[in-house]
Amino acid sequence: MNLITLLKQTTSTSLDSLYQVKIQPDQVLVNATKPEFEGDYTIVLFAFVKQLGKNPEQVGNDLGNAMQKALPSIITKFNIVKGFLNFTISNDYWLEFIKNLSPNELMPAIKHKRKIMVEYSSPNTNKPLHLGHLRNNFLGWSIAEILKLQGNEVVKTCIVNDRGIHICKSMIAWHLFASGATPESSHKKGDHFVGDYYVKYNDAYKAQVAELVAGGMMQETAEKEAPILKGAQEMLLKWEQGDAATLDLWKKMNAWVYEGFEVTYKKIGSDFFKTYYESNTYLLGKELVEEGLTKKVFYQKEDSSVWIDLTPDGLDEKIVRRKDGTSVYMTQDIGLAQLKQKEFNTDASIYVVGDEQNYHFKVLKLICQKLKQPAADGIYHLSYGMVELPTGKMKSREGTVVDADDLVDEMINISKEKTEALGKVSDFTKEQLTELYNTIGLGALKFFLLRVDPKKKMIFNPEESIDFHGFTGPFIQYTHARIKSILRKTGTAVSITPNELLPLEKQLAIELSTFPEVVNEAADNLDPSKLAIYTFNLAKLFNTFYAEHSISNAESEVKKQLRIQLGILTAATLQKAMSALGIAVPEQM
RNA sequence: GGUUCGGUAGCUCAGCUGGAUAGAGCGUCAUCCUUCUAAGAUGAGGGCCAUUGGUUCGAAUCCAAUCCGAAUCACCA
């Protein structure tokens with residue numbers, strides 16, 4: 001059992017036997033003691049002094065004595081400052097902890113394992129990936145790894161948005177302006193090539209609207225009448241009717257995009273167990289509309305469109321089938337949720353989607369619940385904030401985006417420059433160097449995007465390059481490499497014997513002991529930033545320790561053994577935590 | 001207008017299930033490589049925690065109102 005839980009329980013039982021008062025262990029607040037006071041853990045007494053009708057000094061003394069008696073091998077002493085009861089934990093307890101912790105078993109599996117689907121990435125096939133997609137991909141990958149670390153089975157999926165009017169826009173632009181050009185002929189990555197035509201469409205559209213307005217047309221009418229828009233709409237219609245030429249063009253252009261995506265995904269390390277294509281799923285959910293009507297969850301208006309009334313739940317009315325019988329986005333999503341449930345039978349399904357769709361997912365879950373879909377309660381939306389530029393939102397069609405490929409390449413280049421300037425890896429082969437640059441560059445980028453609370457929007461300034469010092473991926477990678485360097489010299493065979501613990505040694509042990517809780521917290525909140533912060537704190541603490549105490553040149557052999565073990569455990573914990581963020585840690589850098 | 005989310009150091013962010021003197025990183029200034037990797041460490045400076053009121057022994061944290069910003073409330077996806 002972990003120490004904090006033990007302290008809470010013992011507090012509860014001690015108070016019961018002292019005063020015959022029932023206080024649940026959950027109600028007991030146990031904190032790490034502030035450094036300026038003596039002790040390791042603090043129980044806040046105010047919470048129950050009132051209930052007991054005694055002064056804090058009295059309660060603190062009684063409780064302190066009772067707890068020390070109950071846990072003689074753990075609590076060595078206690079003191080009371082105002083309403084705070086500070087316990088000092090015995091060195092033996094921490095020594096045992098350090099001795100028994102295995103680098104291969106840092107994370108005990110949780111009791112209730114689940115099968116969880118994580119859907120992430122969801123690209124559109126009319127443009128290349130940008131910085132916002134990177135946030136999505138890193139979050140999705142990381143939350144999947146965190147859930148796996150807990151012992152869950154995870155299925156990663158992706159839904160590709162490969163049809164619709166926006167796809168037809170780049171198609172019509174290619175049709176009109178490309179005169180047969182291909183990614184090969186223009187030496188471009190396929191997704192970028194197609195994305196260029198999406199921008200070209202938009203430019204042409206704007207020009208046409210302006211022209212119509214200049215000719216005396218109302219702005220609003222012009223926006224509907226622009227010939228290129230008409231062309232795109234016509235293409236969509238043809239696509240839906242299965243027109244062979246249109247489908248050929250669609251397939252050709254999508255294939256270009258997939259080829260480009262594959263390169264990017266490989267580089268950033270995203271993968272999927274199954275990929276769904278909207279062109280296959282956009283008709284799903286039709287039977288569910290019928291079912292909903294029978295169950296009276298949905299109702300039909302005079303024009304025969306079908307709706308659900310969510311006003312009793314504090315939301316609005318929502319359409320689920322148009323009057324022409326076609327389904328809407330929501331209907332598809334309900335259908336897809338049902339399909340995924342049939343195929344994988346998961347306990348929970350996490351959708352990694354931007355916060356602009358908060359409302360959509362609230363409604364989706366609610367409708368699924370009302371339809372009594374088996375997976376309904378397990379729907380979670382990992383909602384993340386947009387990545388914005390100092391000038392505002394990124395817009396693909398305006399071309400004001402930070403391109404994913406460009407940014408990744410830039411990060412790798414910077415890591416190359418910095419590594420070369422430091423000159424610490426002269427013994428590396430060319431392949432090893434390439435791998436190292438990738439590891440560090442991507443590490444910096446991933447950490448940068450994962451270290452903040454997902455639900456907060458973030459501003460990225462392309463003028464300021466992403467840092468390699470301080471609260472960053474490379475800092476943690478560096479700490480890991482440094483420990484490994486020491487361990488290469490000292491060896492890793494250790495035997496821990498009784499020993500006095502210095503404050504920093506104890507602090508390291510305490511920090512290491514909280515790893516499982518942090519993983520669980522990150523998983524429960526779908527928030528990898530909790531782990532990122534933890535790795536930083538651990539690395540920072542180790543660096544302080546490193547500057548203060550020598551490992552290979554320790555005061556005594558006993559100390560050396562102890563510190564080697566602390567080094568092993570710290571390196572392993574950093575490696576585990578970082579890999580759950582999708583970041584590799586090098587042996588040397 | 002309704003709903004939701006946010007406002008903490010010059011900048012980027014932690015802390016938010018109420019607890020001791022509000023913490024990091026970057027940037028600024030100063031110190032530390034003949035001893036395990038200086039992508040490091042140590043220290044200084046920097047704060048009406050948006051505003052006002054309330055609850056409480058105790059509020060950055062909870063409640064209410066106000067101000068500012070964002071998203072959303074599509075027969076778009």
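Note that this is a predicted model, so its numbers are computed, not measured. Order of the sequence lines sets the chain letters (A, B, ...), proteins ahead of strands, with each chain counted from 1. Heavy atoms only: backbone and side chains are in, while hydrogens, waters and symmetry mates are out.
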*Residue A:D467, side-chain heavy atoms: nucleotide from B:C26, B:C16, B:U4 that is nearest*: B:C26
*Base, sugar-phosphate, or nothing: which does A:K455 touch, judged by heavy atoms less than 4.0 Å apart?*
sugar-phosphate
_Rounded interatomic separation in angstrom, taking NZ from A:K457 and P from B:U72_ = 12 Å
*Sticking with atom P, work out how far B:U72 lies from B:G25, rounded to a whole angstrom.*
36 Å
*Tell which nucleotide pairs with B:G43, taking only Watson-Crick or G-U wobble pairs whose two distances are both under 3.5 angstrom.*
B:C29
*Report the base-pairing partner of B:U56 (Watson-Crick or G-U wobble, both distances below 3.5 angstrom), or none.*
none
*Would you say whether A:F84 stacks on B:A20? The test is a distance between ring centres of less than 5.5 Å and an angle between planes of less than 30°.*
yes
*Would you mind classifying the nucleic acid contact of A:F536 as base, sugar-phosphate or nothing, using non-hydrogen atoms under 4.0 angstrom?*
sugar-phosphate
*So what does A:N358 hit on the nucleic acid, given a heavy-atom distance under 4.0 Å: a base, only sugar-phosphate, or nothing?*
nothing
_Opposite nucleotide pairing with B:U66, Watson-Crick or G-U, both atom distances under 3.5 Å_ = B:A50
*Under 4.0 Å between any heavy atoms, over every strand shown, what does A:T42 touch: base, sugar-phosphate, or nothing? Just pick one.*
base
_Syn/anti state for B:C63 [syn: chi within 90° of 0]_ = anti
*Now, which nucleotide makes the Watson-Crick or G-U wobble pair with B:A20, with each of the two distances under 3.5 Å?*
none
*Minimum heavy-atom distance between A:I476 and A:T535, given as atom pair plus value*: CD1-OG1, 3.3 Å
*For A:Q357, report the nucleic acid contact type (base, sugar-phosphate, nothing); a contact means any heavy atom under 4.0 Å.*
base
*So what does A:L315 hit on the nucleic acid, given a heavy-atom distance under 4.0 Å: a base, only sugar-phosphate, or nothing?*
nothing
*Heavy atoms under 4.0 Å, any strand shown: does A:H480 hit a base, just sugar-phosphate, or nothing?*
nothing
